[in-house]
2 protein chains.
Amino acid sequence: MTRSTNRSTSFDVAALAGVSQSAVSRAFTPGSSIAEETRKKVYEAARKLNYVPNSIASSLTTKRTNIVALIVGNMANPFYAHVLHAFSKKLQEQGRQVLIFTVDPGADSDEAILHVLKYQVDGVILTAAQLSTRMTSMCHDRGIPIVLFNRYIPGSDASGVRCDNAAGGRLIAEAFLAAGAQSFAMITGDPKGTTSKDRVRGFVERLQEAGIRRSDIVEVEGQSSYEGAFNAAMGLFRDKNRSRPDALFGINDIMAMGAIDALRYRLGLRVPEDLMVAGFDDIPEGRRAPYQLTTVRQPINQMIEATLSILHLDDPSHGIERGIDRPISGRLIWRNTIPVPPEYR
Amino acid sequence: MTRSTNRSTSFDVAALAGVSQSAVSRAFTPGSSIAEETRKKVYEAARKLNYVPNSIASSLTTKRTNIVALIVGNMANPFYAHVLHAFSKKLQEQGRQVLIFTVDPGADSDEAILHVLKYQVDGVILTAAQLSTRMTSMCHDRGIPIVLFNRYIPGSDASGVRCDNAAGGRLIAEAFLAAGAQSFAMITGDPKGTTSKDRVRGFVERLQEAGIRRSDIVEVEGQSSYEGAFNAAMGLFRDKNRSRPDALFGINDIMAMGAIDALRYRLGLRVPEDLMVAGFDDIPEGRRAPYQLTTVRQPINQMIEATLSILHLDDPSHGIERGIDRPISGRLIWRNTIPVPPEYR
DNA sequence: GTGAACAATGCATGCGTATTCATCATGTGC
DNA sequence: GCACATGATGAATACGCATGCATTGTTCAC
């Protein structure tokens, strides 16, 4: 049996309801001029025929697809899985569809953008992925707004929303200092993105303001994943001659978790007794019993709000907002990987 | 500045290249009859105009969108995040787009399906979500194939691919028995799906074959999440009078992990010394140092292959395969939450 | 009671592309 | 050199819906 296509069209419905095709279209278009009675007749006929309006066809005339593209660059980090979930929920509530693209960490998103353009999406949200200026202008030229989530590209036309990562880095530094740490290590991630670099910058700046020498701050780069940080931590502490730092900043929660497990299960160290650790993001996984991770919470909901407001999906005639960089402050969440100093109790 | 739409069409390209619109269309359609020279001219013109074919428009005539819908019912379980990622990668490689819908756990997917139908997707993959027979026939009527992933609905027209959950449950039972367990507990999940029930059935069946009495098998239902299992475990062991089982089967890995953390961090029990635990799925998170979870591996890649093969995306004229239930065997992965008996070493 | 404003409706057209059909040029085998 | 197959091309049309425009019927104010 062949895959027969029984899709009825607005003409079929119109015929059955005894109205014109225009009436059918209007019946399904909120706010258009149609009598309640007519609408009922149309709905009745539509129900009988299992009619569902063809959004593809309507997009052709309205030039709006109600599709938003979400490009995710690091699905292995649960933070981005949560972000994806949150965006998806939010956009669904608004009656929009989400076209998803996954991109390998570190890879650029040009190919994904190209597909996105073909599908005439109403907007693009880009998360943890690289973006070339060529693609930015390709999008902007055709009136497709694009917002970087948790990332910005200095000097670029693309707008971005992010946590104030530098300020967050400072919060971590302060927490360590308050807990009495004197020598420090960082496990950093993707060097291409601004996220990791900003966190490092704020962290180091604040430490130096407190009189810590740069030589007392060790930095190791790991792949931006649990395993990457696990291995980086092993490398960091394998050298027995080097004196061990008091405090370790994992540049995000999943990496902090990887580092903690390496410390505890491979190196026999206690956290926080032997070494305090902090992360960044506040993913739900970090709250669990084995970790109880002290971290900076990214205000995801605010960031999503901001992203959508810059996209102006409701108002296509609004110009594209270019070059915006909107940092939003996160706050420190005390848990158990840094001993809580009396003044923070 | 208003959001100007500079999108050039195949006519613009045709004019610049000095050919007809048909030629442009053919230039971008693999396998169509066009001279290499003409194609080059077209590409050249297209490049100059930043032309990108409008897939929406082309879908209107071809009746194919190259979009596949993925409906995910439980994003909180990392297993499904991994599944989503794997499908997305695979479909992208094939040049298809993924439209994603997230549905609350336990909720039915009717609304999502309705949206999917509007967008004329080429196929639907449904994961951890309910599906009404009405929606199944809505899809089938219009020639849209639909496959349930890791779920089946007995007597339904919808096809499904899944792990052989009952057989997997038996494997777990055998592992516990081989390790010498004599009394058992299960923390089960969503009672609406077949997945949890099948695992339980296989597990119990095998135990009873080994002479275990039903009264020595306790069953607690938890919400299908880390937290749900954490709480269920607390409830299970709070009753001090009840004798403690030797072995606990968490119906999937994330729940097993929640249970383990409750046991270790709240109840002061050691795993596996005081109590052995097994999960199901083999998510990467379960391999990590704190858990080292013994589990049954779901053959995700095979399952994805099977799903796509049933969908017949490459051959739209192929009839829809109805009512298929394709179980694929998983295998037991020994790690450290069950003491490995000598015969399995 | 009259003209104007307005709501409801249908007709016709356009959105950007794929595809059918007819035409023409070119090459093939004999 | 001829009949024929083959490949390349353009004109025209269809895909399913939204919308501008014209028309009709209705209500309202005066």
Side-chain angles (χ1 to χ4, degrees), chain A residues 5-43 45-46 49-67 117-122 142-144 316-317, chain B residues 5-42 45-46 49-67 117-122 142-143 316-317:
Chain A
T5 165
N6 289 337
R7 314 185 192 185
S8 40
T9 74
S10 53
F11 280 95
D12 302 330
V13 176
L16 182 58
V19 298
S20 73
Q21 179 268 331
S22 320
V24 177
S25 171
R26 284 192 260 261
F28 285 97
T29 307
S32 61
S33 171
I34 187 171
E36 195 48 46
E37 192 189 359
T38 311
R39 188 188 294 266
K40 271 189 189 154
K41 276 195 298 185
V42 170
Y43 280 3
L49 296 175
N50 272 337
Y51 170 75
V52 174
N54 183 333
S55 297
I56 297 294
S58 89
S59 299
L60 202 53
T61 47
T62 59
K63 298 187 178 308
R64 309 224 74 211
T65 51
N66 280 316
I67 297 177
L117 290 177
K118 291 206 278 198
Y119 281 86
Q120 320 288 116
V121 300
D122 293 345
R142 38 196 90 217
I144 299 179
S317 65
Chain B
T5 165
N6 288 336
R7 313 183 193 185
S8 39
T9 74
S10 53
F11 280 96
D12 302 332
V13 176
L16 182 59
V19 297
S20 72
Q21 179 268 331
S22 319
V24 177
S25 170
R26 284 192 261 257
F28 285 97
T29 306
S32 61
S33 171
I34 187 171
E36 195 48 45
E37 193 190 357
T38 311
R39 186 189 296 267
K40 270 190 189 152
K41 275 195 298 186
V42 170
L49 295 175
N50 272 337
Y51 169 75
V52 175
N54 183 333
S55 296
I56 296 293
S58 92
S59 299
L60 200 54
T61 48
T62 59
K63 299 186 177 310
R64 309 224 72 214
T65 51
N66 279 316
I67 298 176
L117 290 177
K118 290 207 278 198
Y119 281 86
Q120 319 288 116
V121 300
D122 293 344
R142 41 196 85 219
S317 65

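These numbers come from a predicted model, not from an experiment.
- Taking 4.0 angstrom as the limit, B:Ser10 places a side-chain polar atom (N or O) nearer than this to OP1 or OP2 of C:dT17.
- With contacts defined as side-chain heavy-atom distances shorter than 4.5 Å, the pair B:Val24/B:Phe11 does not qualify.
- Side-chain contact between A:Arg7 and A:Asn50: absent, with no pair of heavy atoms (C-beta onward) separated by less than 4.5 Å.
- We find that NZ of A:Lys41 is positioned 11 Å from C1' of C:dT9, with the value rounded to whole Å.
- Nucleotide D:dG20 holds its P atom 10 Å from the CZ atom of A:Arg26, rounded to whole Å.
- What separates CG of A:Leu60 from C1' of D:dC15 is a distance of 9 Å, to the nearest Å.
- Contact annotation for B:Thr62: backbone-only contact, meaning every heavy-atom pair under 4.0 Å involves sugar-phosphate atoms and none involves a base.
- You won't find any donor-acceptor pair under 3.5 Å spanning the side chain of B:Thr9 and the base of C:dT17, going by distance alone.
- Side-chain proximity of A:Lys63 to the nucleotides C:dT17, C:dG10, C:dC15 is greatest for C:dC15.
- Atoms CZ (A:Arg64) and C1' (D:dC17) sit 17 Å apart, rounded to a whole Å.
- In terms of modelled atom types and a separation under 3.5 Å, the side chain of B:Thr65 and the main chain of B:Gln120 share a donor-acceptor contact.
- The A:Asn54 side chain lies nearest to D:dC17 when the options are D:dC17, C:dT17, D:dT19.
- For the pair B:Gln120 CD and D:dG16 C1', the computed distance is 9 Å after rounding to whole Å.
- Under 3.5 Å, the side chain of A:Glu36 and the base of C:dA8 form no donor-acceptor pair of N or O atoms.
- Between the side chain of A:Ser8 and the backbone N or O of A:Leu49, at least one donor-acceptor pair lies under 3.5 Å.
- One interatomic measurement links the two molecules: CG of B:Asp12 to P of C:dT17, which rounds to 9 Å at whole-angstrom precision.
- For a distance-only test at 3.5 Å, the side chain of B:Ser32 fails to qualify as a donor-acceptor partner of the base of C:dA18.
- To the nearest angstrom, P of C:dG16 lies 15 Å from CG of A:Leu117.
- Residue B:Phe28 is classed as having no contact, given no heavy-atom separation below 4.0 Å to the nucleic acid.
- Each of B:Thr61 and A:Ser59 was matched to the nucleotide of DNA chain D holding its nearest heavy atom; the match closer to the 5' end belongs to B:Thr61.
- Distances from the side chain of A:Ser22 to the nucleotides D:dG10, C:dG16, C:dC11 place C:dC11 closest.
- In this structure, B:Tyr119 does not reach the D:dG16 phosphate: none of its side-chain N or O atoms is under 4.0 Å from OP1 or OP2.
- The shortest distance between the side-chain N/O atoms of B:Ser55 and the OP1/OP2 oxygens of C:dT17 is not below 4.0 Å.
- With distances taken from any side-chain atom of A:Ala35 to the nucleotides C:dA8, C:dG16, D:dA11, the minimum falls on C:dA8.
- Checking side-chain atoms of B:Arg26 against main-chain N and O of B:Ser32 turns up no donor-acceptor pair under 3.5 Å.
- Evaluation of atom-type donor-acceptor distances gives a pair under 3.5 Å for the side chain of A:Gln21 against the base of D:dA18.
- Across all strands, A:Val19 comes closer than 4.0 Å only to sugar-phosphate atoms, never to a base (heavy-atom distances).
- One cannot find a donor-acceptor pair under 3.5 Å joining the base of C:dC6 and the side-chain atoms of A:Ser33.
- As rounded to whole Å, 10 Å separates atom C1' of D:dA12 from atom CZ of B:Phe11.
- Side-chain contact between A:Tyr51 and A:Phe28 is present, with heavy atoms from C-beta onward closer than 4.5 Å.
- Both B:Ser25 and A:Arg39 lie near DNA chain C, and the one whose nearest nucleotide falls closer to the 5' end is A:Arg39.
- Among the nucleotides D:dT19, D:dC17, C:dC15, the one closest to the side chain of A:Ser58 is D:dC17.
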